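Indexing begins at 1, ligand by ligand and atom by atom, following the structure's order. Quick caveat: nothing in here was measured; it's all calculated off a predicted structure.
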Amino acid sequence: RSGAGLTSSLASSARSPNVSKIYRRGLNEDVRITRTGKPILTVSGGRSSLGGYTATVFGATGFLGRYIVNRLARSGCTVVIPFREDMAKRHLKVTGDLGRVVFLEMDLRNTASIEESVRHSDIVYNLIGRDYPTKNFDLYDVHVEGAERIAEAVAKYDIDRFVHVSSYNANKNSPSEFYRTKAYGEEAVRNIYPETTIVRPAPMFGFEDRLLNTLAGQKNFITSNWMEERFWPVHAIDVGMALEQMLHDDTTASETYELFGPTNYSLGEIAQLVDREIVKTRRHVNLPKRVWKPAAGLMNKYLWWPVGSADEVEREFIDQTIDPRAKTFKDLDIEPAELKSLTYEYLKGYRSSAFYDLPPQTEREKREEKKYLHVLD
Ligand code: NDP
């Protein structure tokens, strides 16, 4: 607030009791007291403001990571980003002002590096997860032991808030190892840090997703369940918005959130939407589970790029179920976006340039109702 603004506001507040009330509320909002009693100077001047929270985001180099780092950094928070690979983190540097996005090298088995990453923070987000086992980390190492180590560091330094991103369908009795380990991870972090906020996102879509991009990009898409698994796809930006809101709302501590989109689709229905949007027909090959599951397992073991895994084939046979006890977007006052309304935005890059056409220029063209799919303005 500028000096002149402040003086006039004070003068007017002396005259009118209503204005005075409004002004006092404004003052109180400048300083927030965290759960552990630490005062935080909240800032409203955007990315160049001084003050705000310090947040650590584990797994920030992934798909969802950028949607929370960008929100935090642009509102003036200091964001600590533990990373493993130099090139994977570069795009995050520019999300905040100079010095506000801090990178620290971290290894999920190196407790000291984890503690170093969290000890100055007011909130820690754990977004670390992997869809398939890798050479050095199986799913249990990442989702349970890794999460446990992070929760222990959070508890050791008495960090105010811990938000752990799990997964939809997290269930200890699931036939899928991914869902099982996510459920064990939830249990482990809650045992260590009971105020953990658990977030279970549905399959996410967005620019860098593995849903629309896989369906649009692969010429031969191999599945085992005829693309019949059903779920409620959710927009990554909505999940990022929810994660940011959790920082500002302490009533979200100790709660579990299922974040899912407004409409239930089968994978096949999404594939149809994708084909229509990219104006191409992608081939879908269905192999029996007894053939494709062991083959995917072998490919995952011997090829060094992501090609699917046995567990991902297993997951094709499990529809998304929503835990009725969990909170949802509604409790955060967020209206989740509809997949159908955004497919054009995310998939236009897959269209042939032949479909970028101009509107009808002449009367004759108009009469002939020249069909054009998109107009660049
Ligand atoms: P990504 O796979 O895009 O990113 C995963 C992140 O975890 C990366 O930053 C990766 O780091 C890090 N990571 C993985 N393994 C390790 C490890 N062994 N040590 C250190 N870091 C590791 O995931 P998303 O952003 O898509 O998802 C975020 C979270 O949401 C994950 O927990 C995921 O399981 C969960 N989720 C995602 C869904 C989706 O549709 N995308 C659906 C449901 C849940 P690096 O870049 O160094 O590899």
Side-chain angles (χ1 to χ4, degrees), residues 56-70 81-92 103-111 113-114 117 125-150 163-171 174 176-186 189 198-215 229 231-240 242-243 256-261 265 267 270 304-306 309 311-312 315 318 320-322 339 346:
T56 301
V57 185
F58 287 94
T61 48
F63 163 44
L64 177 61
R66 73 194 71 206
Y67 295 103
I68 175 67
V69 171
N70 136 59
I81 298 180
F83 72 98
R84 305 194 286 181
E85 215 269 314
D86 261 319
M87 300 296 267
K89 66 166 172 54
R90 295 184 310 167
H91 60 285
L92 298 169
F103 297 106
L104 284 175
E105 201 164 352
M106 186 264 330
D107 185 288
L108 206 50
R109 292 201 173 95
N110 183 333
T111 312
S113 71
I114 295 176
S117 309
Y125 291 94
N126 178 23
L127 272 50
I128 289 181
R130 192 95 301 171
D131 281 342
Y132 46 87
T134 57
K135 191 159 52 112
N136 295 315
F137 292 89
D138 62 23
L139 297 180
Y140 190 86
D141 293 336
V142 178
H143 300 148
V144 188
E145 288 185 357
E148 229 166 38
R149 263 181 226 119
I150 294 172
V163 179
H164 174 73
V165 179
S166 176
S167 169
Y168 65 100
N169 284 355
N171 180 351
S174 173
S176 150
E177 194 190 351
F178 179 86
Y179 296 143
R180 270 200 314 273
T181 51
K182 282 286 191 185
Y184 282 113
E186 287 183 7
V189 296
I198 288 173
V199 178
R200 297 183 188 143
M204 288 181 279
F205 65 91
F207 264 119
E208 308 81 5
D209 69 10
R210 291 181 293 276
L211 178 62
L212 301 179
N213 285 305
T214 309
L215 291 172
E229 67 269 34
F231 49 87
W232 283 265
V234 66
H235 196 198
I237 293 181
D238 291 337
V239 179
L243 291 177
T256 301
Y257 286 84
E258 291 258 8
L259 302 182
F260 53 94
Y265 291 92
L267 188 65
I270 301 177
W304 51 94
W305 64 91
S309 63
D311 194 66
E312 281 168 86
R315 265 179 270 158
I318 308 172
Q320 181 180 2
T321 47
I322 310 281
L339 171 84
Y346 291 131

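In terms of protein heavy-atom proximity, atom 28 (C) of ligand 1 is nearest to L127 O, 3.4 Å. The protein heavy atom nearest to atom 46 (O) of ligand 1 is T61 OG1, 2.7 Å. Distance from atom 2 (O) of ligand 1 to its nearest protein heavy atom, with residue and atom name: R130 NH2, 3.3 Å. In terms of protein heavy-atom proximity, atom 39 (C) of ligand 1 is closest to M204 CE, 3.6 Å. When only non-hydrogen protein atoms are considered, atom 42 (C) of ligand 1 lies nearest to A202 O, 3.6 Å. Among all protein heavy atoms, the one lying closest to atom 19 (N) of ligand 1 is R84 NH1, 3.3 Å. In this structure, atom 35 (C) of ligand 1 lies nearest to the protein heavy atom S166 O, 3.5 Å.
Residue contacts with ligand 1 for K182 involve side-chain atoms from C-beta outward but no N, CA, C or O (heavy atoms, distance under 4.0 Å). Contacts between Y132 and ligand 1, counted as non-hydrogen atom pairs separated by less than 4.0 Å, are absent for every part of the residue. Contacts with ligand 1 closer than 4.0 Å are made by heavy atoms of both the backbone and the side chain of F63. With a 4.0 Å cut-off on non-hydrogen atoms, H143 does not touch ligand 1 at all. Counting heavy atoms under 4.0 Å from ligand 1, residue L108 touches it through the side chain alone.
For the pair V142 and ligand 1, the shortest N or O to N or O distance does not fall below 3.5 Å. Of the polar atoms of D131, none of the N or O atoms is found under 3.5 Å from an N or O of ligand 1, judged by distance alone. Looking at ligand 1, you won't find any N or O of P201 less than 3.5 Å from one of its N or O atoms.
Between Y346 and F207, the angle of the ring planes goes over 60°, which puts this pair in the perpendicular group of the 30/60° scheme.
Of the candidates I150, I128, D141, I128 brings a heavy atom nearest to atom 22 (C) of ligand 1. Remark: among candidates G59, G129, A88, P82, the nearest residue to atom 14 (C) of ligand 1 is G129, based on non-hydrogen atoms.
Taking 4.0 Å as the cut-off, K89 does not count as a neighbour of ligand 1 on heavy-atom distance. Using a 4.0 Å heavy-atom cutoff, F178 is listed among the residues neighbouring ligand 1.
Between I68 and G240, the shortest heavy-atom distance links the atoms CD1-O, 3.9 Å.
Under the 3.5 Å distance criterion, the side-chain polar atoms of R149 are matched with a main-chain donor or acceptor of L108. With hydrogens and angles ignored, the 3.5 Å screen pairs a side-chain donor or acceptor of D311 with a backbone N or O of F178.
Y168 pairs with exactly one of Y179, Y257, W232 by the ring-ring contact (aromatic ring centres under 6.0 Å, His included) rule, that one being Y179.
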